[in-house]
There are 2 protein chains.
Amino acid sequence: MLTSQQLSDVLRANGYKVTPQRLAVYEALAATKSHPTAEMLFSTLQPKYPSMSFATVYKTVEILDRIHVIKILNTGEDSMRYDADTSIHHHIQCNECGRVDDLMDVDSSGLVKEAENLSGYDIAGHQFYFFGVCPHCRKAHQN
Amino acid sequence: MLTSQQLSDVLRANGYKVTPQRLAVYEALAATKSHPTAEMLFSTLQPKYPSMSFATVYKTVEILDRIHVIKILNTGEDSMRYDADTSIHHHIQCNECGRVDDLMDVDSSGLVKEAENLSGYDIAGHQFYFFGVCPHCRKAHQN
DNA sequence: AACATTTTAATAATCTTTATTATTTATTTT
DNA sequence: AAAATAAATAATAAAGATTATTAAAATGTT
């Protein structure tokens, strides 16, 4: 999570200009833990930035990903999700309501080492996805 | 990996008819470890089944997934990949050449338990993806 | 072998994402 | 501070993957 000032610095350091749209997309993403899709981001920004186009949202998240201030998630849905938290953590999605939650304190470093040894790859990143039924939906079942 | 006979039985048991196309799609998938996309499958089948359409490939993999004889992979590319090996294993993709390899002997059961406790979810499945540079591309770098 | 039903293939449609281009905005230079 | 230049935005179109539709063909059953 970066301040606007920090994000501006990173953008400039990578040769990108600082624009209100870029700051707004990042802020919208940093303000939520819901791992929104491009469409959700667009809807969120609509009230404040009624002139912003879909293409701008897509271009912006592409840039934010390229300068490593956000992560792109792919849970197998038809659209991507975005996450402003770039720390190493994993995700779990509810098969029923579709929500995506963070899984913070699962230590994956052992598995990464193991994977590196087994594969001979030089591993640069990893994404773990778990799927199941969230507590909320489980409770709903009991009624 | 199922024989044609076994697959036929599973199809029938689930109320699906057995057709040459379905057997062919499964066989093409079972014959490779390259985790092909729908397009790759289509191209592979083209010579033997010149009349088969793209829609048939998509419908077929959808059915094969629904009866749990294949798995759908999602590495974040623009298209899905398919895997006839439904045993629990994980995948690693090369950031340079794009190939997707199996990671067989990485034990993830501990992490799944941990994730279940932390999240309160009832976990039904999981997919781990690692990304990096494959041995082949690493070697190419040295030249 | 004929029937009822499902599947296939072809096509069109849908949806997400990317490309294009004129206009606008941010930065640099004067 | 104003002008010049370089890049970004918005609008639109285009591309690409996947899904829906429907007439024709194949399957399993009687």
Side-chain angles (χ1 to χ4, degrees), chain A residues 4-5 7-29 35-43 45-67 70 72-82 98, chain B residues 4-5 7-28 35-67 70 72-82 98:
Chain A
S4 294
Q5 187 55 60
L7 175 57
S8 303
D9 291 345
V10 178
L11 280 167
R12 284 204 197 86
N14 286 274
Y16 294 107
K17 294 195 170 170
V18 177
T19 68
Q21 289 89 339
R22 285 173 185 173
L23 299 178
V25 169
Y26 181 82
E27 269 175 39
L29 200 52
H35 312 91
T37 61
E39 197 197 355
M40 296 168 183
L41 278 175
F42 179 75
S43 303
L45 294 165
Q46 194 73 314
K48 261 194 166 175
Y49 296 83
S51 81
M52 191 186 296
S53 79
F54 245 103
T56 299
V57 175
Y58 277 110
K59 276 221 155 177
T60 303
V61 292
E62 187 195 323
I63 290 170
L64 294 178
D65 177 58
R66 198 179 309 143
I67 65 179
I70 71 169
I72 297 180
L73 305 186
N74 190 337
T75 62
E77 296 166 297
D78 43 7
S79 27
M80 306 276 185
R81 289 170 174 265
Y82 305 95
Chain B
S4 294
Q5 187 55 58
L7 175 58
S8 302
D9 291 344
V10 177
L11 280 168
R12 284 201 199 88
N14 285 273
Y16 294 106
K17 293 195 170 169
V18 177
T19 67
Q21 289 88 340
R22 286 174 185 171
L23 298 178
V25 168
Y26 181 82
E27 267 175 41
H35 311 92
T37 61
E39 198 197 355
M40 295 169 184
L41 277 175
F42 179 76
S43 303
T44 303
L45 294 165
Q46 194 73 315
K48 261 193 166 176
Y49 296 83
S51 80
M52 192 186 297
S53 78
F54 246 102
T56 298
V57 175
Y58 278 112
K59 278 221 152 176
T60 303
V61 291
E62 188 195 322
I63 290 170
L64 295 177
D65 177 58
R66 197 178 310 145
I67 64 178
I70 70 169
I72 298 180
L73 306 186
N74 228 276
T75 61
E77 297 166 297
D78 43 7
S79 28
M80 307 276 186
R81 288 171 175 266
Y82 305 94

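Residue numbering restarts at 1 for every chain, and letters A, B, ... go by the order of the sequence lines. Note that this is a predicted model, so its numbers are computed, not measured.
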To the nearest angstrom, how far is [X] atom [atom1] from [N] atom [atom2]?
X	N	atom1	atom2	answer
A:F54	D:dA15	CZ	C1'	17 Å
B:I67	C:dT7	CD1	C1'	15 Å
A:Y16	D:dA6	OH	P	18 Å
B:M40	D:dA17	CE	P	11 Å
A:I72	C:dT16	CD1	P	16 Å
A:E62	C:dT16	CD	C1'	14 Å

Worksheet item: Out of D:dA10, C:dT16, C:dT8, which has the shortest distance to the side chain of B:Q21?
Response: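 Among D:dA10, C:dT16, C:dT8, the one nearest the side chain of B:Q21 is C:dT8.
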
Worksheet item: Start at the 5' end of DNA chain D and walk down; is the nucleotide closest to B:R12 or to B:K59 reached first?
Response: B:K59

Worksheet item: If you take atom types as modelled and just measure distance, does the side chain of B:K17 reach the base of C:dT5 with a donor-acceptor pair under 3.5 Å?
Response: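 Yes.
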
Fill in: Contact nearer the 5' end of DNA chain C, comparing A:E39 with A:A55
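Per heavy-atom nearest nucleotide, the more 5' residue is A:E39.
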
Fill in: Along DNA chain C (nearest heavy atom to each residue), the more 5'-positioned of B:P50 and B:G15
B:G15

Worksheet entry | Shortest non-hydrogen separation from B:R81 to B:T37 and the atoms involved | CG-CG2, 3.9 Å

Ignoring backbone atoms, establish whether [X] has a side-chain N or O less than 4.0 Å from OP1 or OP2 of [N].
X	N	result
A:R22	D:dT9	yes
B:Y58	D:dT18	yes
A:T19	C:dT25	no

Item to complete: Check the pair B:T75 / B:E77 against side chain to side chain donor-acceptor pair (under 3.5 Å), numbers first and verdict last.
Response: CA-CA 6 Å; B:T75 61; B:E77 297 166 297; 2.8 Å; yes

